[in-house]
Chemist: 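Sending over a structure as structure tokens; questions will come in a sec.
Keep in mind the model is a prediction, meaning the values are calculated, not measured. Lettering of chains follows the sequences in order, A, B, ..., and the numbering in each one begins at 1.
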Protein chains: 2
Amino acid sequence: MNDIKQFLRSNALRPTKQRIIIAGYLFDGTNKHVTAESLSTELAKRKHTISLATIYNTLHDFYENGLLKKLTLSADRVYFDTNTGDHHHFYSEKEQFLIDINKKIKVNGLPKTPKNKKINKIEVIVHLDK
Amino acid sequence: MNDIKQFLRSNALRPTKQRIIIAGYLFDGTNKHVTAESLSTELAKRKHTISLATIYNTLHDFYENGLLKKLTLSADRVYFDTNTGDHHHFYSEKEQFLIDINKKIKVNGLPKTPKNKKINKIEVIVHLDK
DNA sequence: TATCAGTTTAGAATGATTCTAAAGTGTTGA
DNA sequence: TCAACACTTTAGAATCATTCTAAACTGATA
């Protein structure tokens, strides 16, 4: 609890009730993939009612501060990942199936990066079916 | 024109006025990346007014028939790619910058595919910055 | 050419996300 | 401890891409 407060403060985030609850859930040591909606549902199960607007705000605040990764897997919702390390994903759109690939992956054969640009990150998504 | 009709027919798509116009634009020999909106704008420039609903329908019809690839690059719009071959992309969300990587890319070090699933496709997105 | 299934369309509906602006709350300095 | 203020939260409205509806239209077929 106090460590969560410290954690938030050390990331320039005022430790409000809501942020403490959300951070407590997200950063409990196990990696998670959440959407605003799934997070809201999860918190509701724990009898915490935080407005959706705040959930969106908080996810973005955490993201802006590098505490979450944003995943663009399907066009109809945004996923946030508590695993901020360099990693990739198995994903099934149909089944909402999503798991981390933590093994080091090498991408070979990339062409020259376009002029005046630089690579920000390389995202590998392995789409799965049944 | 008649070749476009044949082309549509051979893909089990009735060659309507609208589909002929859209196919004529999309499959003119140069690879294109479009969104419903950008396609609508492009057709409007050519004095073709086709309702947005039809544009959405047609893009999906073409996609369902394997004439287009669907790209999931950002959460706020869907891109369709006339290059249906196996390839990847450079992408800048900020600049709406999107180019094909046609060179063969190798992804090494993938872990075992999860039980009872199979790989549908592997998508590599190289995110660029300035 | 009549018929009918497949298409197009305007406009409404949907759903995720963002915005607004008013009320609430950490933080700071005295 | 507390006043004061900047930062947050929130309900509800607004936005925006996309899908849906159901009525009018049009290729294809006999």
Side-chain angles (χ1 to χ4, degrees), chain A residues 1-2 4-25 33-44 48-65 67-68 70-80 93 96 98, chain B residues 1-2 4-25 33-44 48-65 67-68 70-80 93 96 98:
Chain A
M1 170 71 186
N2 275 314
I4 294 180
K5 285 194 184 182
Q6 280 320 308
F7 170 73
L8 289 170
R9 281 205 193 86
S10 71
N11 281 284
L13 291 164
R14 190 182 285 191
T16 64
K17 286 194 210 67
Q18 298 77 180
R19 282 174 179 165
I20 290 168
I21 290 168
I22 295 175
Y25 169 71
H33 300 110
V34 302
T35 62
E37 204 57 41
S38 78
L39 178 51
S40 173
T41 303
E42 217 44 58
L43 295 176
H48 290 125
T49 32
I50 297 181
S51 80
L52 251 193
T54 298
I55 288 177
Y56 276 102
N57 289 341
T58 304
L59 286 172
H60 282 122
D61 294 341
F62 287 3
Y63 169 68
E64 294 300 335
N65 283 279
L67 305 179
L68 292 173
K70 200 194 288 190
L71 305 181
T72 314
L73 300 169
S74 87
D76 58 350
R77 69 177 99 282
V78 173
Y79 287 88
F80 288 92
E93 178 153 22
Q96 302 270 98
L98 174 58
Chain B
M1 172 68 188
N2 276 313
I4 294 180
K5 284 195 184 182
Q6 280 321 308
F7 170 72
L8 289 170
R9 267 196 266 271
S10 71
N11 281 284
L13 292 164
R14 191 184 284 191
T16 63
K17 286 195 210 68
Q18 297 80 178
R19 282 176 179 164
I20 291 167
I21 291 168
I22 295 175
Y25 169 71
H33 299 111
V34 302
T35 62
E37 204 57 43
S38 79
L39 178 52
S40 173
T41 303
E42 216 45 57
L43 295 176
H48 290 126
T49 32
I50 297 180
S51 80
L52 251 193
T54 297
I55 288 176
Y56 275 102
N57 289 340
T58 304
L59 286 172
H60 283 121
D61 294 340
F62 288 3
Y63 169 68
E64 295 300 335
N65 284 279
L67 305 179
L68 292 173
K70 200 194 287 189
L71 306 181
T72 315
L73 300 169
S74 86
D76 58 349
R77 69 178 97 283
V78 173
Y79 287 88
F80 289 92
E93 178 153 21
Q96 303 269 97
L98 173 59

Chemist: With the side chain counted from C-beta on, respond yes when Leu52(B) and Glu37(B) share a heavy-atom pair under 4.5 Å apart, and no when they do not.
Modeler: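 In short, these two side chains touch, coming nearer than 4.5 Å.
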Chemist: Calculate, to the nearest 0.5 Å, the distance between atoms NZ and CD1 belonging to Lys5(A) and Ile20(A) respectively.
Modeler: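 Going from NZ on Lys5(A) over to CD1 on Ile20(A), the span is 5.0 Å.
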Chemist: Could you tell me the separation between the CG atom of Leu13(B) and the C1' atom of dA5(C), rounded to a whole number of Å?
Modeler: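 Between C1' of dA5(C) and CG of Leu13(B): 15 Å.
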Chemist: Rounding to a whole Å, what distance do you find between Leu8(A):CG and dT27(C):C1'?
Modeler: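 Spelled out: CG on Leu8(A) to C1' on dT27(C) is 15 Å.
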Chemist: Out of Thr16(A), Leu13(A), Asp61(A), Ile22(A), which residue meets the side-chain contact (heavy atoms from CB on, under 4.5 Å) rule with Leu8(A)?
Modeler: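 Between Leu8(A) and the candidates, side-chain contact (heavy atoms from CB on, under 4.5 Å) is satisfied uniquely by Leu13(A).
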Chemist: So, using side chain to side chain donor-acceptor pair (under 3.5 Å) as the criterion, who are the partners of Asn65(A) when residues are at least two apart?
Modeler: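 Counting only residues at least two positions away or on another chain, Asn65(A) forms no side chain to side chain donor-acceptor pair (under 3.5 Å).
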Chemist: Which residues pass the salt bridge (charged side-chain N to carboxylate O under 4.0 Å, His left out) test with Glu42(A), not counting sequence neighbours?
Modeler: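 Scan of Glu42(A) (salt bridge (charged side-chain N to carboxylate O under 4.0 Å, His left out), adjacent residues dropped) gives Lys45(A), Arg46(A).
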Chemist: Taking CD1 from Ile21(B) and C1' from dT9(C), how many angstroms apart are they, rounded to a whole number?
Modeler: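 Interatomic distance, CD1 of Ile21(B) to C1' of dT9(C): 14 Å.
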Chemist: Using whole Å, report how far CD1 of Ile22(A) lies from C1' of dT9(D).
Modeler: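 These atoms are roughly 11 Å apart.
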Chemist: Measure from CD1 on Ile20(B) to C1' on dT7(C) and round the result to the nearest Å.
Modeler: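 Spelled out: CD1 on Ile20(B) to C1' on dT7(C) is 13 Å.
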Chemist: Thr72(B): which residues meet the side chain to side chain donor-acceptor pair (under 3.5 Å) condition with it, sequence neighbours left out?
Modeler: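 For Thr72(B), no residue satisfies side chain to side chain donor-acceptor pair (under 3.5 Å) once neighbours in sequence are set aside.
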Chemist: Classify the ring geometry between His60(B) and Tyr63(B) as parallel (under 30°), tilted (30 to 60°) or perpendicular (over 60°).
Modeler: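 Ring orientation of His60(B) relative to Tyr63(B): perpendicular.
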Chemist: Between Ser51(A) and dT10(D), is there a side-chain N or O to OP1/OP2 distance below 4.0 Å?
Modeler: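 Indeed, a polar side-chain atom of Ser51(A) lies that close.
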Chemist: Specify the angle, to 10°, made by the local axes at the two ends of the helix from dT1(C)-dA30(D) to dA30(C)-dT1(D) when five pairs are taken at each end.
Modeler: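 Taking five pairs per end, the axes differ by 30°.
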Chemist: Just jot down the salt bridge (charged side-chain N to carboxylate O under 4.0 Å, His left out) partners of Glu64(B), sequence neighbours excluded, or say none.
Modeler: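 If we apply the salt bridge (charged side-chain N to carboxylate O under 4.0 Å, His left out) test to Glu64(B), skipping adjacent residues, there are no hits.
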Chemist: Can you measure Lys5(A) atom NZ to dT8(D) atom C1' for me and round it to whole angstrom units?
Modeler: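 Taking atom C1' of dT8(D) as the reference, NZ of Lys5(A) is at 15 Å.
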Chemist: Between Ile55(B) (CD1) and dT9(C) (P), how many Å, whole number?
Modeler: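 So the two atoms are 9 Å apart, to the nearest Å.
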Chemist: On a heavy-atom basis, which atom in Arg19(A) and which in Phe62(A) lie closest, and how many Å separate them?
Modeler: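 Answer, listing the atom of Arg19(A) first, then Phe62(A): O-CZ, 4.0 Å.
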Chemist: How long is the line joining CZ of Arg19(B) and P of dT9(C), in whole Å?
Modeler: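 Those two atoms, CZ and P, are 11 Å apart.
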Chemist: What string of B, S and - do you get for nucleotides 16-27 of chain D, 5' to 3', if B is base contact, S is sugar-phosphate-only contact and - is no contact with any protein heavy atom under 4.0 Å?
Modeler: -SBBB-----BB
